[in-house]
Amino acid sequence: MATDLSEFTIIKEGEAEILMHAKNEVFFNKTQVNNRDLSIAVLRAFISKRKQEHETKISRRAKSAQKISENNGSEIVMEEASNESATNDEKCNTDCDAHEKLSNECGSPVLSEEQKENVAGKERRDAKPIRVLEALSASGLRALRYAREVEGIGQVVALDNDKASVEACRRNIKFNGSIACAKVESHLTDARVYMLTHPNEFDMVDLDPYGSPSIFLDSAVQSVVDGGMLMCTATDMAVLCGGNGEVCYSKYGSYPLRGKYCHEMALRILLACIESHANRYKRYIVPVLSVQMDFYVRVFVRVYTSASAMKNTPLKLSYVYQCTGCDSFHLQQIGRSVSKNNSVRYLPGFGPSVPQECSDCGKKFNMGGPIWSAPIHDQEWVSSMLADVKSMKDTYPAYDRISAVLTTISEELMDVPLFLSLHNLCATLKCTSPSAVNFRSAVINAGYRISGTHVNPLGLKSDAPMSVIWDIMRCWVKNHPVKAQPEDQPGSIILAKEPVLEANFARAIASLSKAQAKKVARFLPNPERHWGPKLRAGRQITSKHISLLGADAVNGALSHADSEEPNAKRSKVEEDPAPNQ
């Protein structure tokens with residue numbers, strides 16, 4: 001290998017190693033180790049699931065063949081009974097002829113050699129190693145980790161439209177040895193064009209852009225095989241969380257709201273956008289895992305093709321009404337279905353779901369969405385991945401973080417969209433906050449479910465209506481009085497009403513989750529300072545980036561730039577005459 005290693009820094013992550021130049025030519029972010037580890041865990045679960053589905057398909061095919069064989073046997077018996085008048089020799093010949101005839105006509109499992117080869121070939125095609133497409137590869141670290149760490153991968157195609165990135169990726173492929181060279185290939189091309197010219201070709205497509213993935217979604221949903229996996233990251237959180245609502249609407253087709261649940265809403269906006277693109281090609285998505293962590297959201301969805309199942313999309317989308325005075329929010333489903341005589345009709349949803357003014361505090365509503373209001377995780381997948389991650393903890397550099405996230409997700413209420421913030425409820429009423437255990441117990445004792453959320457350590461998901469939530473808080477304030485507030489304040493209006501429900505704050509058995517009871521860490525601090533987004537590749541690092549990158553990284557980059565100053569320029573500066581004294 002002719003590469004001069006003295007010019008590069010070797011970065012090792014998992015089983016892959018990459019060469020990074022001191023200049024900011026190719027994007028690399030150490031923080032994304034969480035993202036890559038989680039993707040590997042999902043990919044392993046996906047390969048295992050595909051294998052199970054393939055075995056189920058073969059088993060179902062064998063049962064079908066056995067059923068046909070049994071039907072053939074019963075028909076032969078009937079044929080023998082109808083020919084009782086024939087002689088024994090003739091009967092024997094007739095039975096043999098009838099058996100052969102029925103075997104040919106009824107499609108018995110007695111197949112020709114050519115047919116057997118075709119069936120076996122089809123089964124082999126279904127079970128072949130999966131193909132992975134990394135649409136935006138940069139240094140190629142993710143593609144290399146997939147190839148070296150995940151069993152069952154046949155090929156990884158890494159794309160980038162930046163020449164320096166593709167050169168770095170190819171250099172890293174060679175640096176990682178024969179396995180990487182055999183499985184990973186890098187191309188200099190526009191990912192959108194490549195995906196459009198390779199439809200239904202990849203079992204898994206990974207989108208991890210710097211910023212919004214919206215421009216890649218249309219081609220991505222077409223390039224995935226039926227039942228394949230699409231992994232998608234969005235890092236433009238300021239847009240998705242309501243900082244620029246009009247920009248979010250132009251990119252994702254949904255209007256965000258700035259509530260405490262804004263990060264979960266960002267996940268649901270991204271899912272609704274992917275579903276919208278998939279529907280244009282008679283496809284739909286099934287989310288298996290959706291995560292908000294660090295500075296981005298990451299969703300893992302399976303893509304299926306079905307014109308009939310696609311009609312259920314309006315049942316999975318909702319608008320959100322957020323009160324401007326208190327923390328009350330309500331969802332309104334876009335569509336509904338009516339079943340009658342084994343037929344299903346799809347109709348517009350009933351509305352409005354809220355009056356003009358909030359029934360709790362009398363203020364107006366802001367309306368956002370549409371968002372994905374169906375479950376964003378698959379409980380079976382999450383449990384399987386968590387068990388797999390724990391059994392292979394040494395292979396995940398970010399094991400502590402991803403196991404904590406998966407543990408928290410496994411205990412979420414899957415069918416409850418968005419969440420409340422206990423601190424925000426108390427801020428509205430200007431009261432002291434009950435402990436999370438007390439509040440959870442009151443909700444459980446009232447006959448409702450409640451859980452935490454992986455998005456926010458203070459967030460609480462519950463299927464209790466807002467009227468019950470406010471009644472619980474009214475009962476809490478009765479025992480913990482607050483100072484008098486102006487009558488027109490939302491908190492004063494809420495407290496002026498008598499509670500319909502008498503809250504019971506006695507500790508409930510399920511007030512703590514299993515992870516909390518076992519004191520399992522669920523929300524971990526960042527492992528080091530400046531753990532977050534990095535500078536886009538190609539931009540010059542200057543002193544103004546200290547808050548983003550840290551002083552050491554900035555000083556190292558600046559000193560390296562000074563050392564590479566052209567000699568001609570240096571000599572010219574040195575030869576300039578001294579100024580007049």
Side-chain angles (χ1 to χ4, degrees), residues 14-16 35-36 38-55 57 121-161 166 169-170 172-173 176-209 213 216-233 274 277-278 281 283 285-286 288-289 299-305 381:
E15 294 184 14
N35 187 316
R36 290 183 282 268
L38 199 59
S39 301
I40 288 173
V42 174
L43 188 51
R44 284 174 173 155
F46 172 65
I47 293 173
S48 176
K49 190 73 172 177
R50 285 293 290 264
K51 184 178 179 181
Q52 293 176 10
E53 292 170 350
H54 175 64
E55 291 173 352
K57 185 188 298 183
K122 185 176 182 180
E123 291 177 358
R124 281 197 300 270
R125 284 198 301 272
D126 291 342
K128 66 182 180 181
I130 71 168
R131 296 188 70 209
V132 177
L133 174 67
E134 189 192 0
L136 304 140
S137 62
S139 64
L141 175 58
R142 186 184 300 264
L144 291 168
R145 288 197 63 189
Y146 287 165
R148 296 196 60 172
E149 298 181 32
V150 182
E151 294 182 7
I153 288 184
Q155 183 186 29
V156 182
V157 178
L159 309 177
D160 210 295
N161 63 351
V166 174
C169 185
R170 290 173 178 171
N172 291 328
I173 291 171
N176 278 268
S178 58
I179 295 178
C181 292
K183 290 186 177 182
V184 186
E185 58 183 58
S186 179
H187 299 284
L188 176 63
T189 183
D190 189 320
R192 294 168 294 181
V193 176
Y194 189 92
M195 288 187 287
L196 285 173
T197 52
H198 295 75
N200 297 313
E201 191 167 309
F202 295 97
D203 300 278
M204 195 277 279
V205 173
D206 192 327
L207 296 177
D208 189 14
F216 302 100
L217 294 178
D218 195 76
S219 49
V221 296
Q222 297 180 67
S223 63
V224 185
V225 299
D226 188 24
M229 176 74 72
L230 173 61
M231 303 181 179
C232 182
T233 302
I274 298 173
H277 284 283
Y281 307 100
R283 313 191 91 179
I285 66 169
V286 177
V288 298
L289 180 67
V299 298
F300 304 85
V301 302
R302 297 193 70 178
V303 182
Y304 295 94
T305 304
W381 276 71

Taking every non-hydrogen atom, the tightest pair across [X] and [Y]:
| X | Y | answer |
| --- | --- | --- |
| Leu159 | Val157 | CD2-CG1, 3.7 Å |
| Gly140 | Cys169 | CA-SG, 3.7 Å |
| Ala220 | Val205 | CB-CG1, 4.4 Å |

Apply side chain to side chain donor-acceptor pair (under 3.5 Å) to [X] and list each qualifying residue two or more places apart in sequence or on a separate chain.
| X | value |
| --- | --- |
| Glu55 | none |
| Arg36 | Glu13 |
| Asn35 | Ser39, Arg142, Thr233, Arg298 |
| Arg148 | Asn176 |

May I have the step-by-step check of side-chain contact (heavy atoms from CB on, under 4.5 Å) for Cys232 and Ile274, ending in yes or no? CA-CA 9 Å; Cys232 182; Ile274 298 173; 4.3 Å; yes
Just jot down the salt bridge (Lys or Arg N to Asp or Glu O under 4.0 Å) partners of Arg170, sequence neighbours excluded, or say none.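 Scan of Arg170 (salt bridge (Lys or Arg N to Asp or Glu O under 4.0 Å), adjacent residues dropped) gives none.
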Using the test salt bridge (Lys or Arg N to Asp or Glu O under 4.0 Å), find all partners of Glu53 that sit at least two apart in sequence or belong to another chain.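 Partners of Glu53 under the salt bridge (Lys or Arg N to Asp or Glu O under 4.0 Å) test: Arg302.
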Tell me whether Asp218 contacts the main-chain N or O of His277 through its side chain, where contact means a donor paired with an acceptor under 3.5 Å.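 No, because the side chain of Asp218 does not come within donor-acceptor range (under 3.5 Å) of the backbone of His277.
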By the definition side-chain contact (heavy atoms from CB on, under 4.5 Å), identify the one residue from Leu141, Val184, Leu144 that meets it with Asn172.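 When side-chain contact (heavy atoms from CB on, under 4.5 Å) is applied between Asn172 and each of Leu141, Val184, Leu144, only Leu144 qualifies.
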Could you check Leu133, Val301, Val299 and say which one makes a side-chain contact (heavy atoms from CB on, under 4.5 Å) with Leu230?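 Testing each of Leu133, Val301, Val299 against Leu230, the sole residue satisfying side-chain contact (heavy atoms from CB on, under 4.5 Å) is Val301.
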Could you give me the CA-CA distance, side-chain angles and deciding distance for Val132 and Phe202, then say whether side-chain contact (heavy atoms from CB on, under 4.5 Å) is met? CA-CA 6 Å; Val132 177; Phe202 295 97; over 6 Å; no
Once rounded to the nearest 0.5 Å, what's the spacing between atom [atom1] of [X] and atom [atom2] of [Y]?
| X | Y | atom1 | atom2 | value |
| --- | --- | --- | --- | --- |
| Tyr304 | Ile285 | OH | CD1 | 11.5 Å |
| Glu134 | Met204 | CD | CE | 8.5 Å |
| Glu185 | His187 | CD | NE2 | 3.5 Å |
| Trp381 | Phe300 | CH2 | CZ | 10.5 Å |
| Leu43 | Arg145 | CG | CZ | 11.5 Å |

For atom CD of Gln52, decide whether the heavy atoms of other residues, nucleotides or ligands shown that lie under 6.0 angstrom number more than 12.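 Count over threshold, so yes.
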Kindly write out the residues that satisfy side-chain contact (heavy atoms from CB on, under 4.5 Å) with [X], not counting sequence neighbours, or none if the list is empty.
| X | value |
| --- | --- |
| Asn161 | none |
| Ser219 | Arg192, Met195, Leu196 |
| Lys183 | Ala147, Ile179 |
| Val225 | Arg50, Asp203 |

Who pairs with Phe216 by ring-ring contact (aromatic ring centres under 6.0 Å, His included), at least two apart in sequence or on another chain?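 Once residues adjacent in sequence are excluded, Phe216 has no partner under the ring-ring contact (aromatic ring centres under 6.0 Å, His included) criterion.
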Verdict with supporting geometry, Asp226 and Arg283, side-chain contact (heavy atoms from CB on, under 4.5 Å): CA-CA 9 Å; Asp226 188 24; Arg283 313 191 91 179; 4.2 Å; yes
Sequence neighbours left out, what pairs pass salt bridge (charged side-chain N to carboxylate O under 4.0 Å, His left out) with at least one residue falling in residues 38-47?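 Found none.
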Note, [X] side chain near [Y] side chain (heavy atom, < 4.5 Å):
| X | Y | result |
| --- | --- | --- |
| Tyr281 | Thr305 | no |
| Leu207 | Leu217 | yes |
| Met229 | Val288 | yes |

For Tyr146 and Asp206, run side-chain contact (heavy atoms from CB on, under 4.5 Å): C-alpha distance rounded to whole Å, both residues' side-chain angles, the deciding distance at 0.1 Å, then the answer. CA-CA 11 Å; Tyr146 287 165; Asp206 192 327; 2.6 Å; yes
